[in-house]
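Below you'll find the structure, written out as structure tokens, and then a few comments.
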Number of protein chains: 2
Amino acid sequence: MTTSPEPDRKTAILDAAETAFADAGFEGASLRRIVREAGVNLATVYYYFESKEGLMLAVMDRRFRPLREEQLSGLDALEQAAAGQPLAVEAILETLLMPTLRLVGTGSVRQEAVKRLIGRVVTEPNPQIQQLLVRPHSVMRTAYLQALQLSLPDLPMPDLVWRMEFIWGALGFILCNPAKIEMVTAGVCNPADTETVFQQMIRFFGAGLKAAPVSRQRLAARRTATARKTGRA
Amino acid sequence: MTTSPEPDRKTAILDAAETAFADAGFEGASLRRIVREAGVNLATVYYYFESKEGLMLAVMDRRFRPLREEQLSGLDALEQAAAGQPLAVEAILETLLMPTLRLVGTGSVRQEAVKRLIGRVVTEPNPQIQQLLVRPHSVMRTAYLQALQLSLPDLPMPDLVWRMEFIWGALGFILCNPAKIEMVTAGVCNPADTETVFQQMIRFFGAGLKAAPVSRQRLAARRTATARKTGRA
DNA sequence: GTCTATAAGGAGATAGAC
DNA sequence: GTCTATCTCCTTATAGAC
């Protein structure tokens with residue numbers, strides 16, 4: 001299973017753990033299987049990473065930190081070039097999606113593992129692992145919400161925030177299990193085809209973001225109608 | 001923790017397991033904690049459900065079967081009333097989303113657990129559990145793809161299929177961890193507010209589905225440009 | 001830094017009494 | 001149907017030799 005001789009044991013563990021966590025999640029992955037795959041002793045994990053949670057943290061940090069930096073610097077470059085003019089929604093989305101879908105600088109086997117890892121982490125049930133991502137994620141959220149708000153001045157904040165959640169969810173789901181998607185769509189969708197995934201997302205998310213906001217009156221009217229029907233207050 | 005006296009042990013186990021699987025996933029949930037919560041003996045699980053996997057199957061079947069039936073009968077009623085006329089995209093989406101977000105007939109504690117369970121199951125890593133959902137899911141997929149294709153005759157099948165995957169993903173993510181969403185959005189999004197979630201989804205998904213298809217020429221052009229830049233064939 | 005050996009405990013599952 | 005007791009296996013984690 002090892003694709004190439006690892007330069008050092010630490011990297012070997014990180015690579016094996018990356019695949020294991022991406023495939024089975026934090027609880028589902030076992031350190032014993034990871035060290036067997038990496039060709040190192042179990043105690044080595046504790047020497048380098050202190051605990052299973054420490055290993056997960058290192059695995060995520062190695063990939064997500066540069067990814068976030070690429071996204072934020074891409075967004076920043078866009079804003080610099082525009083000099084105060086509102087940006088195209090699609091251009092903003094490109095700086096968010098393209099680094100994620102492409103994951104430059106990593107080999108093809110690792111690249112696919114990292115994409116699955118992102119999806120897995122987004123949907124991770126373990127509260128400790130979730131907690132590790134709250135802070136970095138909130139930096140991203142704020143930057144993209146600000147940029148999008150300038151481009152969509154007529155969209156109320158709650159609508160924009162909901163739409164961003166839908167985008168995180170759809171992105172995470174697609175990355176999570178490419179094999180499943182290819183199977184259930186009978187090969188119509190090929191998640192490995194980065195350019196197609198990107199174009200499809202841009203169209204769908206772009207149109208969704210630019211849709212008219214949800215009317216507050218309509219919402220209130222429907223809510224009371226529903227309440228009357230189901231008999232709740 | 002037990003909210004009400006359970007009529008029978010089987011139901012008590014199902015209820016406790018539902019919450020456990022929804023919160024921790026299949027691997028993360030422990031039978032010993034489930035039986036402690038349900039107030040029954042460990043062996044009872046094996047008497048009624050044969051195995052942990054059998055329990056998971058029963059937990060899913062109890063909720064998802066009636067849910068699917070409600071969705072499909074809602075879509076069917078819509079098609080009958082339209083008598084061959086293409087349906088409004090939003091109306092189709094409503095029959096898909098509303099039963100999921102509402103989950104009629106269940107109490108509030110259970111209702112929230114079931115919603116989390118759906119999200120959890122959609123992103124479940126364990127291949128055995130995934131396998132259990134392939135067949136019922138494919139029935140749903142086909143029905144909704146057919147209905148949407150009639151309403152969106154100019155949208156090529158691949159585009160429609162991709163967009164449906166985005167919708168499953170976004171829906172699953174929102175259901176998966178409502179507490180996390182409420183926290184990261186600082187209370188701007190309240191996933192318990194069914195009517196708002198529904199309206200926001202209808203707007204976003206409806207606009208996304210009705211967007212122009214991805215141009216095949218543009219895709220081909222970008223693909224060669226990207227390949228040239230990154231140096232791949 | 002790397003190893004062996006082992007602690008300490010939780011997991012799913014089952015046999016057999018009642 | 002329900003229980004106790006237990007089997008077997010695997011888990012994370014650590015102590016201490018080299």
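Within every chain, numbering begins at 1; the chains are lettered A, B, ... in the order of the sequence lines, protein sequences first and strands thereafter.
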For residues 198-205 of chain A, please give each side-chain donor-acceptor pair under 3.5 Å, one per line with the distance, not counting sequence neighbours.
{"from": "Gln200(A)", "atom 1": "NE2", "to": "Asp159(B)", "atom 2": "OD2", "distance (Å)": "3.2"}
{"from": "Arg203(A)", "atom 1": "NH1", "to": "Ala212(B)", "atom 2": "O", "distance (Å)": "3.0"}
{"from": "Arg203(A)", "atom 1": "NH1", "to": "Pro213(B)", "atom 2": "O", "distance (Å)": "2.6"}

Reading DNA chain C in the 5' to 3' direction, which nucleotide is the first one with an atom under 4.0 Å from a heavy atom of chain B, and which is the last? dA11(C) to dT14(C)
Go through the structure and list residues passing side chain to side chain contact (heavy atoms under 4.5 Å, CB included) with Arg32(B), not counting sequence neighbours. Ser30(B), Leu42(B)
Can you check side chain to side chain contact (heavy atoms under 4.5 Å, CB included) on Leu31(B) and Tyr46(B), steps first, answer last? CA-CA 10 Å; Leu31(B) 288 181; Tyr46(B) 292 91; 3.2 Å; yes
In residues 24-32 of chain B, which residues come under 4.0 Å of DNA chain C by heavy atom? Ala29(B), Ser30(B), Leu31(B), Arg32(B)
Regarding Asp23(B) and Arg33(B), does a basic nitrogen lie under 4.0 Å from an acidic carboxylate oxygen? no
Those residues that, when tested against Glu79(A), pass salt bridge (Lys or Arg N to Asp or Glu O under 4.0 Å) (two or more places apart): none
Using a strict 4.0 Å threshold on nitrogen-to-oxygen distance, state whether Glu18(A) and Arg116(A) make a salt bridge. no
Could I get the full list of ring pair (Phe, Tyr, Trp, His ring centres under 6.0 Å) partners for Phe21(A), not counting sequence neighbours? Phe26(A)
Compute the bend angle of the helix from dG1(C)-dC18(D) to dC18(C)-dG1(D) from the end axes (five pairs per end), rounded to 10°. 0°
May I ask you to decide whether Arg141(A) forms a salt bridge with Glu165(A), counting only side-chain N to carboxylate O separations under 4.0 Å? yes
Under the side-chain hydrogen bond (donor to acceptor under 3.5 Å, both in side chains) rule, collect the residues that match up with Asn41(A), sequence neighbours excluded. none
Partners meeting side-chain hydrogen bond (donor to acceptor under 3.5 Å, both in side chains) with Asp193(B) (sequence neighbours left out): Arg223(A), Thr196(B)
Residues from residues 43-58 of chain B lying under 4.0 Å of DNA chain D - heavy atoms: Ala43(B), Thr44(B), Tyr47(B), Tyr48(B)
Tell me, please, which residues at least two apart from Met157(B) pass side chain to side chain contact (heavy atoms under 4.5 Å, CB included). Leu145(B), Gln149(B), Leu160(B), Val161(B)
With sequence neighbours excluded, residues passing side-chain hydrogen bond (donor to acceptor under 3.5 Å, both in side chains) with Arg68(B): none
